Amino acid sequence: MTLQEIENIRLRKFLPKDELNGFEENIKGILPSVIILFAGLGPFIAKKTSVSIENQYIFLCIGLSVFLYTIYAKLIERKLKLTRTDLSKEQNSELIAELSQSESWNNMTIQKEFYAFVFPSVSFHNGFKVTLVPTDKGVLINVRNRGSIFGRMPYNFGLETILKRKIEKKLKKAAHNTQ
């Protein structure tokens, strides 16, 4: 990745497409929401059904909600969030390098101004890809699900948020100790 591409990432606060944007994994991840949507539409499509009209609308609302949440999650998953450290870009870069060494993070990509790490998770799951981009006054963070044997579903029930908060906390603590 060139320095110009990294600068574009900083300006847009959005990651470019990478290995996690494969067609097959993403389709397998969206498929459950499509099935739930069709299950919600089923009573409306069927000519004869024993499901009451109230339950039909409940099933439709659930199916539509899950489908729309899945699409929304896929659209924003490459968005970067700024964690303020009040350090310069160079100091933040050094901070990330030192923190990754001391915490023994699994390196995926390390460049001067772009870092990607792999965090393992539970069985049948490939873990998370954590991307850190140092900026002036902070670090841009993105945590993405790497998928499982079932595809890349955006349903992690808060595991991404917990991991992101742990990393933010470590960055802020390390930045505070540096000042």
Side-chain angles (χ1 to χ4, degrees), residues 1-30 68-122 125-179:
M1 188 171 294
T2 66
L3 289 176
Q4 182 60 40
E5 290 172 327
I6 294 171
E7 196 57 40
N8 287 339
I9 291 170
R10 279 191 192 101
L11 291 173
R12 292 180 55 224
K13 293 184 179 170
F14 205 76
L15 291 172
K17 290 186 177 182
D18 58 8
E19 75 279 354
L20 297 180
N21 292 96
F23 180 75
E24 183 180 336
E25 292 84 14
N26 284 310
I27 288 298
K28 286 193 298 187
I30 291 175
L68 291 176
Y69 170 75
T70 303
I71 297 301
Y72 173 75
K74 287 291 184 180
L75 290 175
I76 67 160
E77 77 175 350
R78 293 184 290 140
K79 190 174 182 180
L80 291 158
K81 180 186 175 207
L82 180 68
T83 298
R84 295 196 57 83
T85 61
D86 294 326
L87 299 174
S88 70
K89 182 171 37 173
E90 292 77 21
Q91 289 173 315
N92 283 324
S93 187
E94 291 172 10
L95 180 76
I96 294 169
E98 291 171 8
L99 193 59
S100 68
Q101 286 290 329
S102 66
E103 296 288 327
S104 301
W105 292 345
N106 296 330
N107 301 335
M108 189 173 195
T109 304
I110 292 185
Q111 293 179 342
K112 183 175 171 134
E113 298 178 2
F114 186 87
Y115 301 86
F117 304 97
V118 176
F119 284 75
S121 189
V122 295
H125 190 272
N126 295 331
F128 299 96
K129 178 181 179 183
V130 176
T131 305
L132 303 172
V133 181
T135 64
D136 285 326
K137 304 287 183 195
V139 177
L140 294 170
I141 299 176
N142 178 273
V143 178
R144 293 172 67 194
N145 170 13
R146 290 185 61 225
S148 68
I149 58 173
F150 305 111
R152 287 195 58 241
M153 293 182 254
Y155 318 117
N156 287 303
F157 307 107
L159 294 177
E160 286 179 6
T161 305
I162 292 168
L163 179 59
K164 185 185 289 186
R165 287 189 180 152
K166 281 183 184 177
I167 293 170
E168 287 174 347
K169 193 176 186 180
K170 288 179 183 183
L171 282 170
K172 287 179 181 180
K173 183 178 179 183
H176 181 68
N177 291 339
T178 323
Q179 293 176 344

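Sequential numbering from 1 along the given sequence is applied to the chain's residues. Here the structure is a predicted model, which is why all the values come from computation and not from measurement.
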Asks: Any side-chain heavy atom of Gln111 sitting closer than 4.5 Å to one from Ile6?
Replies: yes
Asks: Can you tell me how far apart CG (Asp86) and CG (Asp136) are? Round to the nearest 0.5 Å.
Replies: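 These two atoms lie 11.0 Å from each other.
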Asks: With a 4.5 Å heavy-atom cut-off, do Asp18 and Thr131 have their side chains touching?
Replies: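 Answer no - side chains too far apart.
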Asks: Looking only at heavy atoms, which two atoms of Leu95 and Ala174 are closest? And how far apart?
Replies: CD1-CB, 3.3 Å
Asks: Side chains of Val143 and Phe119, heavy atoms from C-beta outward: is any pair under 4.5 Å?
Replies: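 Val143 vs Phe119: side chains apart.
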Asks: Start with the C-alpha gap between Arg84 and Lys137, add the side-chain angles, then the distance that decides, and say whether side chain to side chain contact (heavy atoms under 4.5 Å, CB included) holds.
Replies: CA-CA 6 Å; Arg84 295 196 57 83; Lys137 304 287 183 195; 3.9 Å; yes
Asks: Between Ile9 and Pro16, what is the shortest heavy-atom contact and its length?
Replies: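 For Ile9 and Pro16, the tightest heavy-atom pair comes out as CD1-CD, 3.6 Å.
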Asks: Got Phe117 and Asn107 here, is their nearest side-chain heavy-atom distance under 4.5 Å?
Replies: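 Side-chain contact under 4.5 Å: yes.
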Asks: Kindly give the heavy-atom pair with the smallest separation between Pro120 and Asn106, and that separation in Å.
Replies: CD-ND2, 4.0 Å
Asks: With a 6.0 Å cut-off (strictly less than), is the heavy-atom count around NZ of Lys89, excluding the residue itself, greater than 12?
Replies: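 Atom NZ in Lys89 is packed in, count exceeds 12.
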Asks: Quick one: pull up CD1 in Ile96 and CG in Leu99 and give me the separation to the nearest 0.5 Å.
Replies: 8.5 Å
Asks: Return the CD1 to OG distance between Ile110 and Ser100, rounded to the nearest 0.5 Å.
Replies: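 Here the interatomic distance stands at 5.0 Å.
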Asks: Got a second to check how far Leu171's CG is from Lys173's NZ, nearest 0.5 Å?
Replies: 12.5 Å
Asks: Got a sec: does the CZ of Phe14 have more than 12 other heavy atoms crowding it under 6.0 Å?
Replies: yes
Asks: Might you point out which heavy atoms bring Ser93 and Tyr115 nearest each other, and give the distance in Å?
Replies: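 Closest heavy-atom pair between Ser93 and Tyr115: OG-OH, 2.6 Å.
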Asks: Less than 4.5 Å apart, side chain to side chain, heavy atoms only: is that true for Leu20 and Arg146?
Replies: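 Result yes, sub-4.5 Å side-chain heavy-atom pair found.
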Asks: Ile167 vs Val139, test: side chain to side chain contact (heavy atoms under 4.5 Å, CB included). Steps then yes/no.
Replies: CA-CA 11 Å; Ile167 293 170; Val139 177; over 6 Å; no
Asks: Looking at Lys79 and Asn142, what are the two nearest heavy atoms and their distance?
Replies: O-ND2, 2.7 Å
Asks: Checking Asn21 against Glu77 for the side chain to side chain contact (heavy atoms under 4.5 Å, CB included) test, could you report, in this order, the C-alpha distance in whole Å, the side-chain angles of both residues, the deciding distance, and whether it holds?
Replies: CA-CA 10 Å; Asn21 292 96; Glu77 77 175 350; 4.2 Å; yes
Asks: Checking side-chain contact (heavy atoms from CB on, under 4.5 Å) between Trp105 and each of Met108, Glu103, Gln101, which is the one that passes?
Replies: Glu103
Asks: Rounded to the nearest 0.5 Å, what's the gap from CG on Leu163 to CD on Glu168? Could you check?
Replies: 10.0 Å
Asks: Between Asn92 and Leu87, which heavy-atom pair has the shortest distance, and what is it?
Replies: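 Heavy atoms only, the tightest pair is ND2-O, 3.3 Å.
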Asks: Between Glu7 and Arg10, does at least one N-O distance fall below 4.0 Å, as a salt bridge requires?
Replies: yes
Asks: Could you check if a side-chain atom of Thr178 sits within less than 4.5 angstrom of a side-chain atom of Glu94, using non-hydrogen atoms only?
Replies: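 With C-beta onward as the side chain, the pair stays apart.
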Asks: Within a strict 4.5 Å, meaning less than it, do heavy atoms of the Met1 and Thr109 side chains meet?
Replies: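 With C-beta onward as the side chain, the pair stays apart.
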